[in-house]
Engineer: 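Provided herewith is a single structure, encoded as structure tokens, for subsequent inquiry.
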Amino acid sequence: MLLTKKRALALSAILATSALALTGCSGAGGAKQDVTLTLATVSNPQMKDMEELKGEFESANPSIKVNFVQMEEGDLRAAVTADVASGAGQYDIVTVGAYEVPQWGANGWLQDLTPALKADATYDVEDILPPVRDALSVDGKQYAVPFYGESSILMYNKEMLAAAGVTISNNPTWQEVATAAQAVKDQGIADSGICLRGKPGWGDLFAPLTTVVQTFGGSWYDMDWNAQVNSPEFTEAVTFYKDLLANAGQADPVSYSFTECLNLLQEGKTAMWYDASVAASILEDAKTSKVAGKMGYAHAPTYKTAESGWLWSWNLAVPESSKNKEAADKFVLWATSKDYQQLVGKTLGWTRVPPGARISTYEIPEYKEAAAAFAPITLEVMSSVNPSQPGVNPQPWVGIQYVTIPEFQDVGNQVAQLVADAIAGRISVADALNKGQEIAQKAGDAHKK
Amino acid sequence: MRRFKSGLTTTITWILVLLFFFPIAWMFMTAFKSEADAASIPPKFFFTPTLDQFQIVFDRGMGSFLLNSFTSSIASTLIVLLLAIPAAYALSIRPVKKVQDSLFFFISTRFMPVAASILPIFFILKFMGLLDNITALTFLYAAMNLPIAVWMMRSFFNEVPMEIIEAAQIDGANFRTELVKVVLPIVVPGIAAVALICFIFSWNEYFMALLLTTDTARTTPPFLASFVDGRGQFLAVLSAASTIAVLPVIIAGWAAQKQLVRGLAMGAVK
């Protein structure tokens, strides 16, 4: 018994020492004047380029090092939300989507960047595309700066449409697109006339579908947060989308999102695709795309509105919990500056300049030349969309393809699953939207005053 | 008729083997393709192989993620074995009081999904300053695998004939000799099976690694997912990273193959 007690004491001592050692280890750090910034980011080409070029910043600021932690989009959301909401302070700079910025800013999780942006005379905050800037601000305070922005456009294979004897105007209607897609499919020019996302998810299926709903006159909620998911307009839009996919779309649409449709169009297996404007730069890359030089681009198709199309940006923000705010601000301003755009163009090539963030990007002669096929339409669409009222009806939030409430990810995912079931023919559109209405209303009730 | 049945069984077995192995083979092939070849429709079986994707993976610093995975997986497995063997012994060969209650307690710690306990763990580690710490992750993996290891080890110990232990005791073997020289050599295949399973569970663990680490302690699984690009092609580079990531598990499984088959068969016999 005595031996057991001794052993227990020894074990406790070992555990206590280990705990102290662990705490000590974690507390050990470098010299105080050297700052290492940890940047959590989505793994997209623009951020990979930024990591490649961070050496330029580090050379100019020898006391600051920047570590990039790249993550898959869903992982990034989970990891960064846990960090900023708990104030853990593991990340000094975070990549945040336009959906989260206003919510996190209002929660007090992100640093107000307005003073830092105004203090830097060379930064030119007015140069950021106004719809993007609006989406990142709450009550006049800007909580993030964009390094990349996109809208949605219609991309089509000119040769295929010519072979089918149809044309697409610069501002097409959805009916025009449906007719062209049907012609391509009926004449066997491609396996499908159009590729559209069908994969369930608020950021997958509902990114394009919400813009269709809006231009058909529908919306997620009215001004009093009453859900509108089973309204006649919402139903008409979803039915149109489903029928278009069934009649002229790709096979097994519920397994298709951005990458799958990109492959289909690149391989010449479909004639049209409505998706993110950034896809145009990939389609025009002659090294990887079989359709480079054969593509045409048009505004997002419409029905009852003059314009359609979504608005999305990936942005850099500094969490309130960061222990290195000053250095973090410095890097954020550098990485989203006009000079950085020049650096990317001159070092990596002009087609790799991050699109959709600054107006001046579209005035750079080299960029205009390199991205002539898609730059003008990207700027046109991004400048013309209205995140405050993207559809026919007014809405109590700012945002196009999402509703800026915390519940929307869950609501969007659940309703997307129901709509995907309808697209796959497992349930009717009416059943899917009636169930979706109940789900959306529960979330809406939480925001009623 | 007998030959026909035997042939049919062999054919079905081969079909099943190919069916299970095909995704791995496809991943291995895709790792040597260019992104354009990897995305081609219909899929390409013949292509010019390239090592470019492996270059990209290592340029992204996969070595440090692999090292973290090795450290946490091997160390946690050793801790688990160190604790599970005596615990299982006390629940099998020299049973303590209330064995069934103890066993239920062990397995009950696995009832709650990690997602439900991750926030308290996150806040405890934050409070202790142990976020992004490989030692903390190692202990968590050990705690995660310990219940299943105790249960498995107990089933292996149950297979040891009591007559052998009694004979050793009659010959004057003390507790330590009985455990180390008589019982453990008999259950070595079982230990190998437990070790491999704990290693695989730790190696593949994703959720805790994602939320509790950021940079210095991050392991391979979240690193693999970081190649998924929402706005571009990534199949070839992801396959290259995945090919490297599965190699240690395949090698460990292959090396312990003989012991593993014996160990799993041993535990299965009741």
Side-chain angles (χ1 to χ4, degrees), chain A residues 18-19 21-27 36 38-46 48 51-52 67-76 78-79 81-83 86-91 148 150 191 203-204 257-260 262-264 266-269 276 278-279 281-282 285 287-290 314, chain B residues 34-44 56 59-61 64-65 79 83 115 118-119 121-123 125-139 206-207 209-218 221-238:
Chain A
S18 308
L22 282 172
T23 319
C25 284
S26 67
T36 299
T38 305
L39 190 160
T41 179
V42 68
S43 174
N44 66 12
Q46 291 78 24
K48 285 174 198 160
E51 187 174 17
E52 204 174 326
N67 274 349
F68 277 60
V69 181
Q70 291 188 19
M71 282 176 258
E72 185 271 330
E73 198 174 317
D75 286 358
L76 178 79
T81 307
D83 185 77
S86 68
Q90 296 182 98
Y91 301 110
Y148 153 83
E150 66 177 32
D191 294 348
D204 286 306
S257 194
F258 180 93
T259 308
E260 293 78 13
L262 172 69
N263 291 342
L264 220 53
Q266 265 184 342
E267 292 290 321
K269 304 288 178 191
V278 72
S281 60
I282 307 170
D285 184 349
K287 281 185 217 154
T288 54
S289 171
K290 290 179 186 167
W314 278 114
Chain B
S34 64
E35 288 296 356
D37 284 342
S40 106
I41 303 167
K44 275 190 181 173
I56 294 171
D59 285 349
R60 278 270 309 272
S64 64
F65 298 98
I79 294 169
L83 297 174
I118 195 74
L119 275 180
I121 294 171
F122 185 91
F123 281 107
L125 292 187
K126 183 196 159 200
F127 176 73
M128 294 174 76
L130 291 177
L131 285 169
D132 202 21
N133 184 302
I134 195 67
T135 318
L137 197 66
T138 302
F139 276 102
Y206 190 97
F207 198 54
L210 173 69
L211 292 178
L212 305 177
T213 69
T214 52
D215 186 20
T216 50
R218 183 147 284 194
F223 172 74
L224 292 186
S226 76
F227 286 99
V228 176
D229 178 356
R231 292 285 183 272
Q233 307 285 13
F234 58 83
L235 285 178
V237 72
L238 179 63

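This structure is a prediction, so every number in the text was calculated from the model and none was measured. Chain letters run A, B, ... following the sequence lines, proteins first, then strands; residues in each count from 1.
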Engineer: Which bit of Phe68(A) comes within less than 4.5 Å of chain B, counting heavy atoms only: side chain, backbone, both or neither?
Structural biologist: neither
Engineer: Please give me the minimum heavy-atom distance between Gly232(B) and Phe258(A), naming the atom from each residue.
Structural biologist: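 Closest heavy-atom pair between Gly232(B) and Phe258(A): N-CE2, 3.8 Å.
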Engineer: So how far is it from Leu235(B) CG to Thr259(A) OG1, rounded to the nearest 0.5 Å?
Structural biologist: 7.5 Å
Engineer: What option among Glu150(A), Gln46(A), Lys287(A), Lys290(A) has the most heavy-atom pairs under 4.5 Å with chain B?
Structural biologist: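 That would be Glu150(A).
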Engineer: Can you name the nearest heavy-atom pair linking Asn263(A) to Ala39(B), along with the distance?
Structural biologist: OD1-CB, 3.3 Å
Engineer: Drop me the distance from Glu73(A)'s CD to Arg231(B)'s CZ, to the nearest 0.5 angstrom.
Structural biologist: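 Answer for the CD-CZ pair, Glu73(A) versus Arg231(B), is 7.0 Å.
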Engineer: I need the Leu76(A) CG to Ser226(B) OG distance, nearest 0.5 Å.
Structural biologist: 11.0 Å
Engineer: So which heavy atom on Ala79(A) is nearest to which on Leu210(B), and how close?
Structural biologist: CB-O, 4.0 Å
Engineer: For the atom pair CG (Leu131(B)) and OG (Ser86(A)), what is the distance rounded to the nearest 0.5 Å?
Structural biologist: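 It comes to 7.5 Å.
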Engineer: Let me confirm one number: the CD-CG distance from Gln233(B) to Asp285(A), rounded to the nearest 0.5 Å.
Structural biologist: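 Atom-to-atom, Gln233(B):CD and Asp285(A):CG are 10.0 Å apart.
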Engineer: Relative to chain A, which segment of Leu212(B) carries a heavy atom at a distance below 4.5 Å: side chain, backbone, both, or neither?
Structural biologist: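 Leu212(B) touches chain A through backbone heavy atoms alone.
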Engineer: Is Phe234(B) in contact with chain A via its backbone, its side chain, both, or neither, using a 4.5 Å heavy-atom distance?
Structural biologist: side chain
Engineer: So which heavy atom on Lys269(A) is nearest to which on Ile41(B), and how close?
Structural biologist: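 Distance-wise, the nearest heavy atoms are CE-O, 3.3 Å.
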Engineer: For Pro45(A) and Asp229(B), which heavy atoms make the closest approach, and how far apart are they?
Structural biologist: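 Here Pro45(A) and Asp229(B) meet closest at CD-OD2, 3.3 Å.
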Engineer: Determine the minimum heavy-atom distance between Ala225(B) and Asp75(A), stating which atoms define it.
Structural biologist: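 The pair with the smallest heavy-atom distance is CB-OD2, 3.6 Å.
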Engineer: So which of Ser34(B), Gly61(B), Pro222(B), Ser40(B) has the largest heavy-atom pair count under 4.5 angstrom toward chain A?
Structural biologist: Ser40(B)
Engineer: Would you confirm whether Thr214(B), through its side chain, and Gln90(A), through its main-chain N or O, come within 3.5 Å as a donor-acceptor pair?
Structural biologist: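 No; judged by distance alone, with no hydrogens or angles, the pair does not exist.
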Engineer: If you count heavy-atom pairs under 4.5 Å with chain B, which of Ser289(A), Ala82(A), Ser257(A) comes out on top?
Structural biologist: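 Among Ser289(A), Ala82(A), Ser257(A), the one with the most close pairs to chain B is Ala82(A).
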Engineer: What's the separation between atom CD in Glu72(A) and atom CZ in Phe227(B), rounded to the nearest 0.5 Å?
Structural biologist: 13.0 Å
